[in-house]
Amino acid sequence: MKRKIILLLLFIFLLCGCTKEDKKVLNVLNWSSYIPDEVIRQFEKENNIKVNYSTYSSNEELLAKISSSKEGTYDLIFPSDYMIEIMINRKMLEEIDVTKLTNYNNLNRQYLGLPFDTDNKYSLPFLYATVVLAVNRDYIKDDITSYKDLINTKYKNDIVLIDDQRFVIGMSLLANGYSMNSTNNEELRIAQKWLEKLKPNIKAYDSDCPKNFLITEEAYIGYIWDAEAKLAKMENDSIEIIKPKEGIGISLDNYAIPKGAKNIEEAYKFIDYILDADIMHQILEGYPYNSVNIATDLKYKDDIMYSSKYIGTDYDNNSKYFVENIGSSIKNYDILWAEIK
Amino acid sequence: MKNKIIRSIFIVPVILYSLLLIALPIIYVLIISFYKNDSYGGMIRTFTLENYMSIFNSVYIGIFLKSFLIAVITMFICMIISYPFALAVSHKNAKTQSIFMTLVMVPFLTNSLIRMYGWIVLLRKNGVINQVLLSLNIIKNPLNLMYNNLGIVIGMVYTLLPFMILPLYSSISTIDYRLLEASSDLGANKWKTFTKVILPITFPALFNGGLMVFTPALGFFFIVDLLGGGKIMILGNLIKNQFLTARNWPFGAAIAILLIIITYILIMIYRKIGGKMDDLGA
Amino acid sequence: MRNNKLLDNIVIISVFIFLFLPIFVLILFSFNTSELNIIFEGFTLHWYKDLFYNRSLLEALINTLLVALSSTIISTIIGTISAYGLYKYDFKGKKIINELLYIPIVIPEIVLGISLLSIYTLMKMELGMFTLILAHITFSIPFVIVSVRSSLTSMDPNLEQAASDLGADSLTTFFRVILPSLVPGILSGAELAFSLSLDDVVISYFTAGPGSNTLPLHIYSIIKTGVTPDVNALISLMLLTIFIVLTISMVISLRKIKGDER
């Protein structure tokens, strides 16, 4: 009976046709909600390169995607600090030739030569993100200065967390006074107990767009990326951004070119494009993470995004912790994660 | 000679297809399930039963039970909705029946994710349903309709309902009405007619529907992801995570093999009670 | 048998409300001035205009149609040939082949998805359009075979005999006599293949690569990162197309039913 539909649809679709011209391509694999669509479109237009843009939502997913796909599938990826180390160990990255980048000097030296890639042989910083608390003050009036304050039976179903095992377990470790990268079994056990106490308060885990939970008031508290918190605050001014006293997690994301990439020239072009002060600013306007680009910082230092309002209430005395590569202990994290979820 | 060529034109494609694209991948998954996972996320080619043993780890048993529970509840709700509906439609005249059954299919010609998004808009805390109930003063505080098991079951029932309605309807619509009349003439009440006449006749169709609802419900990770808020896992999410994030392919493969075995057992029962395989695809 | 008409209608209406509620809501919000899909603030058509500037969405749409179209055509051809081959000829292992063909129909999609992903990885095939289309062909063929087979079994067996008595060779018989009588089965198989391909999320999720983002995959990622009403607009347009086509086909088939009743 519905066969006429099919025939008709087939006909319509044939009319639509498929016009695909031969163009240079660049296969980018990046975090979701990281580079605004317009920036990519501009780049495509200015350089006549077609960008195939795919996304991932955790470093582990990125690692899996790169290692299970054929070499040369992706040309440019954005791993975080500890993942760069893992990928270097597994010989998954091409060396980076900074002479191909005209805007290389825009990079803030402070973020070069970090322990995960001391000579920046395989990676260059893109920007960094921190994980902060965002609290809707219309509903949550209590003082919140510590992660421990989240364990409160009043907050049942009120919290949204990023879906990232290292940062969530890391928060629990910090809350209990341990290192965010602890591999001590006893400490991990205590961290698990703590997370089980937190469980009834968790509304959802979401890394891709946790701000929506806060904007729509689905959740009143978020343990989320700082850019998401800032965007939520722009929509809803009753949200307060808080950096708890135990310190916060930080993640420096980097440009890297996977082994066997086929469009390396285009990848450099893209990196160089983003290193430009104005383009980086445009990216930060879309997703207000933290710049590692000194040219952008100087040119836009009066920008609203740099105002204290969005930096939030700081109890942490500026202690920021990187996620570190913990080798095979990651298995214990995996099991713990499966058990608390 | 010429006939031989013609013969091979007709049978070689199906042989190649079923061996290369169906048998080979599944055999390979079976082989992987006996491999060992190295700490780098690669696979060591040995023979181990470790992956099957670790299924009995308490964490995974919990996920299994949860998936089965969700799938069984989904199946029963689908049955409870589909039976009265199919019966009610079959009471109408031919023209109306045809219109109604087409209408049943309309939502399913749109994308299943789009429909899930529609449910998100309806079910969330300040979603349409809560707002309507609040403004009518039926409830004082918004209900938690999603990001929990309830949301998942709603999504599953919605997505899988036609797979129950269609076989039931086509089975019910072939029942000879004289049979039902005879039954009521003999003094049977409606319930008795249903259990003694309709149910036995439609049982294979019911099982068919149950099968087509139950097994997909174990695997639909995207419904659980979207309506469960990332804190609930079923077998589908577990397999997906093993393949796409945790990078433990051997373990993921072992779970997949288990799913195949479960499906196969259900199929054998279905055949035992007289179900036809071709009905499953229609 | 006496039927309670009121009860029947209540049942039917409530099921239809359940089925159409989410779709109705999305259509409603496609005309909403607010971007958040929460409260209906005012009427606008500008999301429909935005739709045509949303390049990634349109690209995904084109990819989806490309995959659906090519996998439907290929799987319909292979499926039809296979159904006839399995019907007419006996060969060693036919029973096993027949069993294998049911696997894509009955096993959970995720199992097929990871199996194909594993074999693609083993063969070092680059994930992209090709692997995606191959995957769609894989899950479509059995549905086409089942559908064509039901036409074959209801075909008059004397038809083939008569043709060969008249001196036609097997190929001629197939094209001139068998194929025409299979058209309904082939078309409904193709239709099934097409709609399965259009809607597939799970298998595509594992077998697509860069540059082969389909509409379901694209929608999956935007549902996660926040939906703007231009997506609602796309949905409404798709629904409109479906409704128009359905109405036309319904009118045609209703005429047929009327004819049959007479």
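Below, chains carry the letters A, B, ... as their sequence lines are ordered, and counting in each starts from 1.
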| query | Checking heavy atoms, do the side chain of Leu244(B), its backbone, both or neither come under 4.5 Å from chain C? | reply | side chain

| message | Quick check on the interface: out of Met116(B), Arg271(B), Lys92(B), who has the most heavy-atom pairs with chain C under 4.5 Å? | response | Arg271(B)

| task | State yes or no: are the ring centers of Phe221(B) and Tyr205(C) separated by less than 6.0 Å? | result | yes

| For Ile105(C) and Phe139(C), what are the C-alpha separation, side-chain angles and deciding distance, and is it a side chain to side chain contact (heavy atoms under 4.5 Å, CB included)? | CA-CA 7 Å; Ile105(C) 298 178; Phe139(C) 71 69; over 6 Å; no

| query | Do the numbers put Lys224(C) on top of the ring of Tyr220(C), so that NZ or CZ is under 6.0 Å from the six-membered ring centre and no more than 45° off the axis? | reply | yes

| message | Under the rule for side-chain hydrogen bond (donor to acceptor under 3.5 Å, both in side chains), what residues qualify as partners of Thr215(B), not counting sequence neighbours? | response | none

| Under 4.5 Å from any heavy atom of chain B - which part of Val106(C) | both

| Checking Leu161(B) against chain C: side chain, backbone, both or neither under 4.5 Å from a heavy atom? | side chain

| Criterion side chain to side chain contact (heavy atoms under 4.5 Å, CB included) on Trp249(B) and Gln242(B), from CA distance to verdict | CA-CA 6 Å; Trp249(B) 283 31; Gln242(B) 297 310 317; over 6 Å; no

| Does any heavy atom of chain B fall under 4.5 Å from the side chain of Ile78(C), the backbone, both, or neither of them? | side chain

| said: Given heavy-atom pairs under 4.5 angstrom as the criterion, report whether the side chain, backbone, both or neither of Ile99(B) touches chain C. | reply: both

| task | Answer with side chain, backbone, both or neither: which region of Lys240(B) has an atom nearer than 4.5 Å to a non-hydrogen atom of chain C? | result | both

| message | Could you tell me if Thr159(B) and Ser112(B) have a donor-acceptor pair between their side chains, going purely by distance under 3.5 Å? | response | no

| request: Under 4.5 Å heavy-atom distance to chain C, tell me which part of Leu113(B) shows up: side chain, backbone, both or neither. | output: both

| Contact origin within Tyr102(C) toward chain B - heavy atom pairs under 4.5 Å | side chain

| For Phe24(C), does the CZ atom have more than 12 heavy-atom neighbours from other residues, nucleotides or ligands under 6.0 Å away? | no

| If you tally heavy-atom pairs under 4.5 Å against chain C, which of Ile154(B), Ile81(B), Val104(B), Leu211(B) wins? | Val104(B)

| message | Using heavy-atom distances under 4.5 Å, tell me whether Thr121(C) contacts chain B through its side chain, its backbone, both, or neither. | response | side chain

| query | Between Phe85(B) and chain C, which part of the residue has a heavy atom less than 4.5 Å away: side chain, backbone, both or neither? | reply | both

| note | Applying a strict 4.5 Å limit to non-hydrogen atoms, the region of Phe100(B) in contact with chain C is both

| Which bit of Ile103(C) comes within less than 4.5 Å of chain B, counting heavy atoms only: side chain, backbone, both or neither? | side chain

| query | Do Thr207(C) and Thr131(C) have a side chain donor and acceptor closer than 3.5 Å? | reply | no

| task | For each of Val15(C), Val25(C), Asn98(C), Leu19(C), tally heavy-atom pairs with chain B at distances under 4.5 Å, and name the one with the top tally. | result | Leu19(C)

| So which of Tyr264(B), Tyr28(B), Phe222(B) has the largest heavy-atom pair count under 4.5 angstrom toward chain C? | Tyr28(B)

| Looking at Leu134(C), Leu116(C), Ile107(C), Ile141(C), which makes the most heavy-atom pairs under 4.5 Å with chain B? | Ile141(C)

| query | Using a cut-off of under 4.5 Å for heavy-atom pairs, which of Ile96(C), Thr80(C), Val202(C) has the most such pairs with chain B? | reply | Val202(C)

| request: Side-chain contact test, heavy atoms from C-beta onward, threshold under 4.5 Å: evaluate it for Pro108(C) versus Pro216(B) and give yes or no. | output: no

| message | If you count heavy-atom pairs within less than 4.5 Å of chain C, which of Ala256(B), Pro107(B), Gly219(B) leads? | response | Pro107(B)

| note | Cut-off 4.5 Å, heavy atoms of chain B, and the answer for Ile110(C) is side chain

| query | Under a 4.5 Å heavy-atom cut-off, does chain B meet the side chain of Ile145(C), its backbone, both or neither? | reply | side chain

| query | Does the ring center of Phe18(C) lie less than 6.0 Å from the ring center of Trp119(B)? | reply | yes

| said: Using heavy-atom distances under 4.5 Å, tell me whether Phe16(C) contacts chain B through its side chain, its backbone, both, or neither. | reply: side chain

Pairs under 3.5 angstrom only: tabulate donor-acceptor contacts from the side chains of residues 7-26 of chain B to other protein residues two or more places apart or in another chain.
from     : atom 1 : to        : atom 2 : distance (Å)
Arg7(B)  : NH2    : Asp90(C)  : O      : 2.8
Ser8(B)  : OG     : Lys4(B)   : O      : 3.0
Ser8(B)  : OG     : Ile5(B)   : O      : 2.9
Tyr17(B) : OH     : Thr138(C) : O      : 2.6
Ser18(B) : OG     : Val14(B)  : O      : 2.7
Ser18(B) : OG     : Ile15(B)  : O      : 3.4

| request: Locate the shortest heavy-atom distance separating Phe206(C) from Phe243(B); write the atom from each residue and the value. | output: CE2-CB, 4.4 Å

| message | Please classify the contact of Leu103(B) with chain C as side chain, backbone, both or neither, using a heavy-atom distance under 4.5 Å. | response | both

| request: Assess the side chains of Ser197(C) and Asp200(C): does a donor N or O sit below 3.5 Å from an acceptor N or O? | output: no

